[in-house]
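One structure is given here, and the rest of the page talks about it.
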Amino acid sequence: MRPARLPVRSGPGRLLVLAAVFVCAACGLVYELELVALASYLTGDSVTQSSVVLSVMVFAMGIGALLAKRLRCRAAVGFGAIEAGLALVGGCSAMALYACFAWFGQSRAVLVGFSLVIGVLIGAEVPLLMTLIQRVRQQDAGGAVADLFAADYVGALVGGLAFPFLLLPVLGQLTGALATGTVNAAAGGALVLWLFRRDLTRRARRRLLAVNALVLVLLAAGVLLVAPFERAARHAVYGSAARVAVQTGVQEVVMTGGPEGAQDARKGSGGPLALYLDGRLEVSADNESGYHQALVGPAVAGGPHGRVVVLGGGDGLAVREVLRHRAVRSVTVVELDPGMSDLARTDPGLSALNHHALDDPRVTVVTADAFDWLRAASARCARRCDGPYDVIVSDLPDPRMTAGTKLYSQEFYGLVARLLAPGGRFAVHAGPPEARPRVFWTVESTLRSAGLATVPYEAPGRHGGESARPVSAGGSGASGPAARYWGFILAGHHARDLAAAPGPRLPAAVRAPLPGGVRPLSGARIGGLPPSTLMHPRYG
């Protein structure tokens, strides 16, 4: 292998090649994480999406490595072309996925396609870089591989950390991907067009320079178009102009409808208020009251309710229902996203809908993960119990959402049981029993496995022929077009705590304060369901 004619000595030249390996590895991992994050955001199942992206990309990297063997005789030109293509495809991947979801309703095929193409291009980098580094200074293959992979792995570490801590919070998903593509194109182009320029013919240099310039122009144009693109895509996804669209650091919060001088707290000039979290309908002002009354009413009205905990519920709507009961002395709201509770206080539409519940002096909002808060509260109670809670309400993401499975586990309910006072009640939303019976009854069996008695019940989940949210979502309307009922479970230490009447009837507390249509569920259990644990979080 003939040595390259470099404009610098072999030592600095080798460092420049390793620096390019570092930058390209960081960019490659950002593309990978971007695909996983955006696919999980659009479809909701993070385990499936991560598995699809990672497996397809690793497979494609092997194909890319094999295809790169044909380019080794022209390694510099091949590497420059591959980096330009990778920068363009990777940089535009997030925008393309979002566009397919917004205007065509699905993005899985596009996800697989981008994973395949990006994987092939990343896989082709290593053989070509190995050739280039050996042309700078010949050394044994083992030493060259060690140096190359060391730079590659360190770059991957930096890219993996930069994505959640720098790119997402500062630039956002779309702009972050485009910026990464810009860095990728600049690094690859600079390495080839300067360090290995003598390996290129004049014609090849001009073409490669033109291709890199075009890629940079396209990526820059993408950055300028991100804002109008997001507005148009949100309009396509949400059906109307987004009144509020913020990235809180935990999730994307979008609100449509409501405010501007609305006479009714539920409706404004833009129609009924709708709140979306990460693209999924969380609250619909048309029917959220039925959901929250059915979730909160049985637990609070069924016995003592001086001290109440609401897990989740940063929108303040469950708290609103709790505060309707005058005997309530304190309410602790455990909300992971401080941005959500801030909006519940300050947004005119949402604060009117929740009756300014979070501003009530009896309410304390704690920013914490519900599982971690329960664990800490349980430890404090074991040492010096400052009084268990009469009522705990779980207003958390849907049990089918992978990210929230620990919040429906045996461990989670065991912690809840330790904090319930004698005679206390625990209410949990368990998904639509008609549409997803296995999910619903697994939650019920998990509660029983934690030593709690249960009363499952359901309430009408549609008003005016429209469900409150898509099938994949949870919270105030976890039912899809085929689901007619929301499903709930009331739990306590003993059956007598739930004031259960003989037969399949609901406790009087469930029957009395709720809207019509609330009915018990019995005799429909799916046999043989194991309890859900942190080790086995899937519900079927």
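Below, each value reflects all heavy atoms present in this structure, side chains not excepted, and no hydrogens, waters or symmetry copies.
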*Verify, without hydrogens or angle tests, whether Arg205 (side chain) and Arg197 (backbone) share a donor-acceptor contact under 3.5 angstrom.*
yes
*Set of ring pair (Phe, Tyr, Trp, His ring centres under 6.0 Å) partners for Tyr98, sequence neighbours left out*: none
*asked:* Just so I know, are the side chains of Val428 and Tyr408 near enough to count as touching, which here means a heavy-atom distance under 4.5 Å?
replied: yes
*With sequence neighbours excluded, what pairs up with Asp369 under the side chain to side chain donor-acceptor pair (under 3.5 Å) test?*
Lys406
_With a sphere of 6.0 Å drawn around CZ of Arg198, does it hold more than 12 non-hydrogen atoms of other residues, nucleotides or ligands?_
yes
*Hey, is the main chain of Leu374 close enough, under 3.5 Å, to the side chain of Ser378 for a donor-acceptor pair?*
no
*Val366 and Val333, any side-chain heavy atoms less than 4.5 Å apart*: no
*Distance (rounded to the nearest 0.5 Å) between Asp342 CG and Glu335 CD*: 10.0 Å
*Restricting to pairs with a member in residues 170-183, which pass side-chain hydrogen bond (donor to acceptor under 3.5 Å, both in side chains), not counting sequence neighbours?*
none
*List the steps, then state whether side-chain contact (heavy atoms from CB on, under 4.5 Å) holds for Asp347 with Arg243.*
CA-CA 10 Å; Asp347 180 76; Arg243 181 170 58 80; 2.7 Å; yes
*Do Pro127 and Met130 have side-chain heavy atoms sitting under 4.5 Å apart?*
no
*Taking the side chain as every heavy atom from C-beta outward, state whether Leu407 and Pro397 have any pair of such atoms under 4.5 Å apart.*
yes
_Leu336 vs Trp373 side-chain heavy atoms within contact, under 4.5 Å_ = no
*asked:* Are Val136 and Phe196 packed together at the side-chain level, in the sense that at least one heavy-atom pair is separated by less than 4.5 angstrom?
replied: yes
_Give me each pair satisfying salt bridge (Lys or Arg N to Asp or Glu O under 4.0 Å) with a member in residues 53-67, each pair once, sequence neighbours excluded._
none
*For Leu208, enumerate each residue passing the side chain to side chain contact (heavy atoms under 4.5 Å, CB included) test, keeping only those at least two apart in sequence or located in another chain.*
Val192, Leu193, Leu200, Asn212
*Taking only residues two or more places apart in sequence, or in another chain, which ones meet Ser341 in a side chain to side chain contact (heavy atoms under 4.5 Å, CB included)?*
Arg345, Leu358, Val365
*Residues which pass side chain to side chain donor-acceptor pair (under 3.5 Å) with Glu252, listed by chain and number, not counting sequence neighbours*: Tyr41, Arg234
Can you give me every donor-acceptor pair (side chain of residues 54-61, partner residue at least two apart or in another chain, under 3.5 Å) with its distance?
residue: Ser55; atom: OG; partner: Ser51; partner atom: O; Å: 2.6
residue: Ser55; atom: OG; partner: Val52; partner atom: O; Å: 3.3

*Backbone N or O of Gly188 within a donor-acceptor pair of the Glu83 side chain at under 3.5 Å?*
no
_Under the rule for ring pair (Phe, Tyr, Trp, His ring centres under 6.0 Å), what residues qualify as partners of Phe149, not counting sequence neighbours?_
Tyr153
*Would a 4.5 Å heavy-atom cut-off, applied to side chains only, mark Phe104 and Val110 as touching?*
no
With a 3.5 Å cut-off and sequence neighbours excluded, list the donor-acceptor pairs that the side chains of residues 16-37 form with protein atoms.
residue: Tyr31; atom: OH; partner: Asn184; partner atom: OD1; Å: 3.0

*asked:* Just to verify, what does Arg74 make a side chain to side chain contact (heavy atoms under 4.5 Å, CB included) with, not counting sequence neighbours?
replied: Val77
*Name all pairs fulfilling the salt bridge (Lys or Arg N to Asp or Glu O under 4.0 Å) condition that reach into residues 144-168, sequence neighbours left out, sorted by first residue then second.*
Arg14-Asp147
*asked:* Can you confirm whether Met340 sits close enough to Thr248 that some side-chain heavy atom of one is under 4.5 Å from a side-chain heavy atom of the other?
replied: no
